[in-house]
Amino acid sequence: MISLSLPSPASSPSSLKPSNHSRHKISSVRPPENISFESLKNRVIRHADVGHAEEAISTLDLMSRANLTPDLTTYSVLLKSCIRTRNFELGRVVHSRLTESRLELDTVVLNSLISLYSKCGDWGKAEEIFSSMDETRDLVSWSAMISCYAHNGLNLEAVLIFFEMVEFGEWPNEFCFSAAIRACSNREYARIGLVIFGFLMKTGYFESDVCVGCALIDLFVKGFGDLELALKVFDEMPVKNSVSWTLMITRFTQMGSPRDAIGLFLDMIIAGYVPDRFTFSSCLSACSELGLLSIGHQLHTWVVKTGLCLDVCVGCSLVDMYAKSTVDGSMDDSRKAFDRMSNHNVMSWTAIITGYVQNGGRDNEAIELYCRMISEGRVKPNHFTFAALLKACGNLFNPRLGEQIYGHAVKFGLSPVNCVGNSLISMYTKSDRMEDARKAFEFLFEKNLVSYNTLVDGYARNSDSDEAFELFNQIENSNIGVDAFTFASLLSGAASIGAVGKGEQIHARLLKAGFESNISICNALISMYTRCGNIEAGFQVFNEMEGRNVISWTSIITGFAKHGFAEKALELFNQMLDSSIKPNEVTYIAVLSACSHAGLIDEGWRHFDSMFKEHRIRPRMEHYACMVDILGRSGFLNKAIKFINSMPYTADALVWRTLLSACRIHNNTEIGKHAAEMILKQDPNDPAAHVLLSNLYASTGQWENAAKIRKDMKERSLVKEAGCSWIEIANKVHKFYVGDTKHPEAKEIYEELDELAMKIKEMGYVPDTNFVLHEVEEERKEQYLFQHSEKIALAYGLISTAKPKPIRIFKNLRVCGDCHTAMKYASVATGREIVVRDSNRFHHIKEGMCSCKDYW
DNA sequence: GTAGGGTTAG
């Protein structure tokens with residue numbers, strides 16, 4: 001973890017601050033007598049053209065000192081150059097010099113000024129100049145102003161001034177049309193866009209002007225989401241150029257048709273148009289989207305040949321493509337592409353930072369790069385940068401670092417930007433800091449659907465379904481609207497606490513809202529039903545789906561694996577391969593855990609070997625842990641140790657914890673002790689290791705050692721996650737802790753429990769006091785056993801539900817061995833089916849048998 | 001003097 005000393009953005013080099021050109025020293029050197037007005041004027045222009053702002057201004061001042069007063073043309077040319085080179089700071093200086101010069105500004109200069117302020121985002125200033133013009137404004141002034149509004153997101157203003165102009169008696173030209181249509185290229189104003197489209201068709205501009213065609217393409221894509229119509233416009237455009245081709249390619253990629261985008265690119269090349277930096281950039285994004293690194297490589301070679309790889313825009317796409325690729329080592333290729341770029345802007349920095357964050361577990365490197373970016377001080381971060389950084393802090397479970405970074409966002413004035421605030425909320429929810437998340441939510445400048453969804457997801461993730469639903473009701477009653485994300489979050493919330501009733505309610509509501517064919521939602525439904533214990537319903541959703549992706553398959557395979565139907569899980573895995581769906585890392589975790597739950601050692605090895613050989617998926621720590629589990633559960637503890645020592649990386653706590661659990665099942669204190677020591681070496685405060693080790697000693701009767709560990713835990717003030725079980729009755733979740741008497745029906749519950757104890761003892765049940773983890777007398781031990789939370793939940797289930805409904809119990813930790821035995825007897829004694837979901841898997845207990853075959 | 005194409009939080 002990084003102990004952060006973030007460079008302070010305030011102490012960064014002055015280039016981050018707006019520099020004040022009026023402070024620049026005026027050269028005290030007098031110009032030689034013989035230098036002419038023309039040569040100085042040309043020098044100003046030359047400096048401006050190559051972006052030497054300070055020199056241009058110095059020369060301008062030199063002219064004044066030599067009594068060669070610059071004329072309006074000098075200013076005008078300089079201004080245009082500033083706009084062309086996007087040197088807005090210099091443009092502002094030129095404007096102030098113009099004002100000081102008391103020259104009378106003509107329409108051309110004023111139009112340039114409107115354009116200058118439009119482009120640097122100062123639309124108020126542009127508006128001011130436009131208003132001051134009155135009779136002198138011409139068609140260019142109007143179109144500059146329309147486009148200024150459109151460019152700055154003031155769509156309504158753009159539309160209004162367009163019609164105002166028409167009313168004023170001006171006939172719009174192609175510039176006005178394309179700007180006005182651009183202002184309508186969104187869901188809100190799309191219909192007005194159609195009106196303008198109708199007007200446009202009375203002119204000849206659609207046929208003659210490429211820009212107008214491009215604006216129309218975007219009207220249909222962004223305004224109506226209709227790629228087909230956009231393509232029709234494109235096809236009917238009599239004049240095309242590289243920009244219009246590139247626009248179409250880009251929109252296809254963005255609208256989720258990267259394959260068509262690549263096809264269009266080939267058409268473009270065949271038609272003889274020359275691709276430029278934007279074209280390559282877009283095609284590289286399409287490859288990234290498709291996961292087609294082979295074409296990406298070819299494009300990479302091409303841009304290297306043309307020299308375009310040095311361009312920031314192309315470089316960004318290369319960085320992004322390699323970062324998003326799942327091919328081994330491609331993140332390093334991404335970094336190489338970044339390092340090779342000749343200069344960087346916010347986008348390239350953000351692309352590489354985002355790459356490290358999204359490409360699994362390199363969040364620290366993302367933070368380090370940000371530090372470098374800030375200390376170099378040439379480029380200012382933007383809201384995208386902060387969104388990525390806050391996500392990194394969330395992944396690192398380091399909200400304190402996130403707060404420091406958020407402090408930077410505040411200093412850069414980016415804290416009111418929606419996605420920065422939303423990222424902050426998300427970061428807090430990942431570290432279970434729901435109160436801080438709520439505060440950040442309330443503090444938001446503007447709450448949008450993402451803000452709500454993030455918080456809903458946070459509550460759901462933290463098993464607070466009441467808050468999640470409360471918020472959901474708020475969303476439903478507002479005009480924010482719900483989307484697939486909202487439903488998916490709620491479903492995963494219901495899944496995590498096993499609230500199938502709530503899950504069914506959401507299912508009904510999403511059907512009503514028309515989300516039933518959304519693939520992500522269906523995947524969430526599969527996962528909700530299977531995690532809530534209803535594997536049949538999950539399988540039904542899976543079977544009824546139209547298009548299934550790798551997540552759908554993985555969800556159902558995981559479902560069957562967790563329910564102990566290993567054969568079915570593996571059968572589905574084979575079906576998945578047959579339907580040419582490529583498995584991913586998660587799929588293999590499901591497959592290997594299926595083998596583990598069913599004790600299929602050979603099959604496990606076979607899949608473990610084939611994941612890299614056949615699918616180029618390098619086993620992660622989790623996969624090694626699955627193999628350790630397979631070996632350990634089957635009692636091959638020495639083989640498991642050997643396997644751990646042969647791993648290509650140092651085993652982490654997860655692997656050792658897996659081995660430790662196996663040692664507990666097979667009562668092997670020697671290896672267990674070693675495993676626990678290895679865990680504590682890496683994480684001395686790991687409460688789970690302490691507990692497991694103490695349990696191990698307790699279960700083999702080494703009470704002294706067990707007590708020592710407990711004492712050590714107390715001294716370190718480690719808190720073990722309290723064991724608890726819950727059950728959903730009539731859409732309400734009832735939660736029980738050990739010996740819990742807080743429930744309003746506690747009396748009835750304990751009476752039922754006593755009766756059940758008697759019944760099953762008569763049937764031959766013998767309490768297994770090895771599972772009592774305190775050193776007390778035998779008789780007390782039995783009492784303790786009957787206060788376990790899962791037994792209390794079972795008793796409550798028995799008195800509040802009737803046959804033939806199965807009783808579904810959920811437990812946050814693994815189910816206790818004695819409870820497991822007791823439940824098998826209870827299933828016979830009561831004739832009820834009992835389903836228990838523990839932290840690891842499902843147990844379907846029926847007629848005295850459990851689906852786990854007592855192997856878990 | 002006015003117009004078009006690339007990163008996006010859950």
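Taking side-chain N and O atoms only, A/Q254 has a distance below 4.0 Å to OP1 or OP2 of B/dT7. A/K119 has a side-chain polar atom (N or O) that falls below the 4.0 Å cut-off from OP1 or OP2 of B/dA3. Contact between the side-chain N/O atoms of A/R251 and the OP1/OP2 oxygens of B/dG4 is not found at any separation under 4.0 Å.
Counting heavy atoms from C-beta on, the side chains of A/K232 and A/F234 never come closer than 4.5 Å. Between A/F162 and A/F177, the closest side-chain pair of non-hydrogen atoms falls below 4.5 Å.
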Hey, mind stepping through A/E365 and A/R335 against salt bridge (charged side-chain N to carboxylate O under 4.0 Å, His left out) and telling me if it holds?
-> CA-CA 11 Å; A/E365 283 161 275; A/R335 180 57 185 267; 5.5 Å; no
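For A/N448, whose side chain is taken as the heavy atoms from C-beta onward, the closest listed nucleotide among B/dA9, B/dG6, B/dT2 is B/dA9. Among B/dA9, B/dG4, B/dT8, the nucleotide with an atom closest to any side-chain atom of A/R182 is B/dG4. The side chain of A/K324 sits closest to B/dT8 out of B/dG5, B/dT8, B/dT2. Comparing B/dA9, B/dT7, B/dG5 by their nearest atom to the side chain of A/T250 picks out B/dG5. For A/F175, the side-chain atoms get nearest to B/dA3 when compared with the rest of B/dA3, B/dT7, B/dG5. With distances taken from any side-chain atom of A/T246 to the nucleotides B/dG6, B/dG5, B/dA3, the minimum falls on B/dG5. Between B/dG4, B/dT7, B/dT2, one nucleotide has an atom nearer to the side chain of A/I83 than all others, and that is B/dT2. Here the side chain of A/A387 is nearest to one of B/dA3, B/dG5, B/dA9, namely B/dA9. The A/D276 side chain lies nearest to B/dG5 when the options are B/dT2, B/dG5, B/dG4.
Across all strands shown, A/S147 has heavy atoms under 4.0 Å from sugar-phosphate atoms exclusively, and none from any base. Counting any heavy atom pair closer than 4.0 Å across all strands shown, A/S143 reaches a base atom. Base engagement by A/V210 is indicated by at least one non-hydrogen atom pair under 4.0 Å involving a base atom. Within the nucleic acid shown, A/D320 has no heavy atom closer than 4.0 Å to any nucleic acid atom.
Under a cutoff of 6.0 Å and an axis angle of 45°, A/K447 and A/Y452 do not form a cation-pi pair.
Residue A/S281 places no side-chain atom within donor-acceptor reach of the base of B/dG6, judged by atom type and a 3.5 Å distance cut-off alone.
No side-chain donor-acceptor contact under 3.5 Å links A/N523 and A/S520.
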